[in-house]
Amino acid sequence: MIGQKNRFHGHNSLSYVYSKGRTLRGSGFAVKYANNPRRKTYRCAVVVSKKVSKSAVTRNRIRRRVYEIVRDVEDQLVGSPDIVVTVYAENIATIGFEELKKSFLQVMLQSEMLGKREGA
RNA sequence: UUAGGUUAUUGGCCGACUACCGUCUCGAUUACGAGAGGGAGGAAAGUCCGGGCAACAUACGGAAGGACAGUUGUUAACGACAACCAAAGGUAACUUUAGGGAAAGUGCCACAGAGACUAUACCGCCUGUUUUUGCAGGUAAGGGUGAAAAGAGCGAGGUAAGAGCUCGCAUUCUUUAUCGGUGACGAUAAUAGAAGGGUAAACCCUGUCCGUUGCAAGGAGAUGUGCAUUUAGAGUAUCCGGCUUAGUGCAUCGAUUAACCGCUUGAUCGUUGGAGCAAUUCAACGACUAGAUAGAUGGUCGGCAGUCACUACUGACUACAGAACCCGGCUUACAGAUAGCCUAGCAAC
RNA sequence: GGCCCCGUCGUCUAGCGGUUCAGGAUAUCUGGUUCUCAUCCAGAAGAUCGCGGGUUCGAAUCCCGCCGGGGUCA
């Protein structure tokens, strides 16, 4: 789980990302992101529709797994981006953690939000 | 031992690393850091009932509308629960039941059938007439139709043929009386009676209960000015009466979905004892047990346990399901594991 | 979180508890008309009335419980 300051708050706070952000697709999910220079910290949200799974338990599990991956790489983020992950497939709740992490990081590297140069 | 019935409990455990949300303490001072301790359910679900709590300037009367319906109890309350009664099902343990009224009134009972509601004579039986066909009448015992056809079995009498038409015995229902029970009701007896059904989850009648809106409730708007002003307007779902008193447009300020309170000590939970067949209740002692807000309660790894597959190694899987103001029920989902009591069959003693 | 509505052929819809295991339009299929296609004409097939119980002699219809879909309230 990620901290209180790294979540979205308020009524229309997501609309900027939805209107201005760029979209990249992975298997079973899509990442929408936009750089936000007015903030010091990044923000992240995971959207899991009720169409993905009827069960609230499954939806919670998907959300928590994706948040965990984001928290793992938060030190390597460049700037202070706003990230929205939209999930389409139910099998994200069941596939192996390493496999999910690998496919997610591949998308993140493509978006140039992850700066390996800074770490190195 | 096999097949059931019923009432309950439980529904993974241990460790390591690393996150999140409250609370308390300490240090800093509005950023934050350290430590301690807490963090989903039996259904948190469906939202089908009931209540608390809050607002509505009144929860005032009537109409309309809605819900319920054996009896006695339990409860804050209920459409829930318990015990009992009746009916139906089951060999039995036991289970199920919207279980008031059809003699207040109205409606409906298709098709088939002669006739379906103050009904009816198709076949049959009998009498008369007659050309033996047929026609007129009697009959409700027998046949046939249908979900349903006028309480009714056996024997005797009776008759043109028949029929509770009459009698005897047996049965069902109504009425009355006595006894038992708080009561629904049950048992016994008597003489009086025998009246044709079904449907009220059709309209309806009787009795009891219900004000409306919901935590997105509510704490929570202020001032100035124009218009309107008791025959009118506004206010709490429909109408009437009554009641209260202002209303509405514009401008300015505040607020603009943020934050705080409401928010978790409660018809609370556990143990022991008393009352009661039970639901439940009383007393004493002890406990504090989530409070988020795009929504915390997690993620990964290792070991154990269980289930399935397999000769084995080993592999796969781990029930249903996620608090949103709080309680009491109901309904629905649920891999398995455990315990008590009871019934029937078989076997042995 | 609260409140409300709707499920009938592939699609859009009618449907008094019984006259008929449900009518119509459109789509589909077959045949006819035409040199051919369309239009037009004739015919056919296609529905466990969302699911499970109950009331009734009888249920798409009445009652109850589930399932699915949709709407609304700051």
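Chain letters run A, B, ... following the sequence lines, proteins first, then strands; residues in each count from 1.
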Considering Watson-Crick and G-U wobble pairs with both distances under 3.5 Å, what does B:U318 pair with?
B:A305
Distance check, C1' atoms only: C:C4 and B:G254, in whole angstrom units.
37 Å
Please measure how far the P atom in B:C285 lies from the corresponding atom in B:C326, and state the result in whole Å.
32 Å
Pair assignment for B:A63, Watson-Crick or G-U wobble, requiring both distances under 3.5 Å:
B:U238
List every contact pair, protein side and nucleotides 318-324 of chain B side both N or O, where the distance is under 3.5 Å.
| unit_1 | atom_1 | unit_2 | atom_2 | d |
| --- | --- | --- | --- | --- |
| B:G322 | OP2 | A:A56 | N | 3.2 |
| B:G322 | N7 | A:N60 | ND2 | 3.4 |

B:G42 glycosidic conformation (syn if within 90° of 0, otherwise anti) is syn
Round to the nearest Å and state the distance from A:R61 atom CZ to B:A296 atom P.
15 Å
List the steps, then state whether side-chain contact (heavy atoms from CB on, under 4.5 Å) holds for A:Q110 with A:Q106.
CA-CA 6 Å; A:Q110 214 175 350; A:Q106 206 172 5; 5.8 Å; no
Whole Å only: how far is the CG atom of A:D72 from the P atom of B:C20?
13 Å
How long is the span from the CD1 atom in A:I83 to the CG atom in A:N6, to the nearest 0.5 Å?
9.5 Å
Sort out the partner of B:C250 for me: Watson-Crick or G-U wobble, both distances under 3.5 Å, none otherwise.
B:G224
Using the P atoms only, state how far B:A45 lies from B:U244, rounded to an integer number of Å.
46 Å
Please name all residues satisfying side chain to side chain donor-acceptor pair (under 3.5 Å) with A:R22, sequence neighbours left out, ordered by chain then number.
A:Y33
How close do A:A30 and A:T23 get, counting heavy atoms only, and between which atoms?
CB-CG2, 4.4 Å
Among residues at least two apart in sequence or on other chains, which ones pass salt bridge (Lys or Arg N to Asp or Glu O under 4.0 Å) with A:K101?
A:D72
Here the distance between atom C1' of B:A19 and atom CD of A:E68, to the nearest Å, is 6 Å
How far apart are the closest heavy atoms of A:R7 and A:R43, and which atoms are they?
O-CD, 3.7 Å
Counterpart residues, salt bridge (Lys or Arg N to Asp or Glu O under 4.0 Å), relative to A:R63 (two or more places apart)
none
So if you build clusters from Ile, Leu, Val, Met, Phe, Trp, Tyr with side-chain heavy-atom gaps below 4.5 Å, do A:V47 and A:V57 land together?
no
Check the pair A:V66 / A:F29 against side-chain contact (heavy atoms from CB on, under 4.5 Å), numbers first and verdict last.
CA-CA 10 Å; A:V66 176; A:F29 60 91; over 6 Å; no
Drop me the distance from A:R25's CZ to A:Y88's OH, to the nearest 0.5 angstrom.
4.5 Å
Compare every heavy atom of A:Y67 with every heavy atom of A:A45, then report the nearest pair and how far apart it is.
CA-OH, 3.8 Å
May I ask which nucleotide in the shown strands pairs with B:U139, Watson-Crick or G-U wobble, both distances under 3.5 Å?
B:G124
With respect to the phosphate group of B:U300, does any side-chain polar atom (N or O) of A:R65 fall under 4.0 Å of OP1 or OP2?
yes
B:G276 and B:U96: how far apart are their C1' atoms, nearest whole angstrom?
28 Å
Give me the atom names and distance for the closest heavy-atom approach of A:A34 to A:G21.
CB-CA, 4.0 Å
Run the numbers on A:F104 and A:V73 for side-chain contact (heavy atoms from CB on, under 4.5 Å), then give the verdict.
CA-CA 11 Å; A:F104 187 79; A:V73 299; 5.6 Å; no
When rounded to the nearest Å, what value does the distance between P atoms of B:A344 and B:A93 take?
8 Å
Give RNA chain C the dot-bracket treatment, 5' to 3': Watson-Crick (N1-N3 with N6-O4 or O6-N4) or G-U (N1-O2, O6-N3) under 3.5 Å, [ ] crossing, | other strand.
(((((((..((((....[....)))).(((((.......))))).....(((((..]....)))))))))))).
A:E98 CD to B:U300 C1': how many Å, rounded?
8 Å
Could you identify the nucleotide paired to B:U172, looking across every strand shown and requiring Watson-Crick or G-U wobble geometry with both distances under 3.5 Å?
B:A194
For B:G22, decide between syn and anti, treating a glycosidic angle within 90° of 0 as syn.
syn
Pairing partner of B:G33, by Watson-Crick or G-U wobble and under 3.5 Å for both distances, is B:C26
Mind telling me if B:U199 is syn or anti? Syn here is a glycosidic angle within 90° of 0.
anti
Expected label for B:U289 (glycosidic angle, syn inside 90° of 0, else anti) would be syn
Separation of B:U297 atom P from A:R59 atom CZ, nearest Å, is 15 Å
Would B:G168 be called syn or anti, given that syn covers angles within 90° of 0?
anti
Taking a pair to mean Watson-Crick or G-U wobble geometry with both distances below 3.5 Å, B:A55 pairs with B:U212
Rounding to an integer number of angstrom, what distance separates B:A16 and B:C288 when you compare their P atoms?
26 Å
Nearest 0.5 Å, what's the CD1-NZ distance between A:I69 and A:K102?
13.5 Å
Write down the distance between CD1 (A:I83) and P (B:A294), rounded to a whole number of angstrom.
18 Å
Where do N or O atoms of nucleotides 41-48 of chain B meet protein N or O atoms at under 3.5 Å, pair by pair?
none

Which whole-number value in Å describes the distance from A:R71 CZ to B:U300 C1'?
10 Å
Same-atom distance (C1') from B:U74 to B:A88, integer angstrom:
29 Å
Write down the distance separating the C1' atoms in B:G303 and B:U272, rounded off to the nearest Å.
42 Å
Just N and O in the side chain of A:Y67: are any of them under 4.0 Å from OP1 or OP2 of B:U300?
no
Below the 4.0 Å mark, does B:G295 have OP1 or OP2 next to a side-chain nitrogen or oxygen of A:R63?
yes
Complementary nucleotide for B:U331 - Watson-Crick or wobble, under 3.5 Å
B:A45
From CD1 of A:I62 over to P of B:G298, roughly how many Å is that when rounded to an integer?
17 Å
Smallest heavy-atom separation, A:V107 atom then A:G26 atom, equals CG2-CA, 3.9 Å
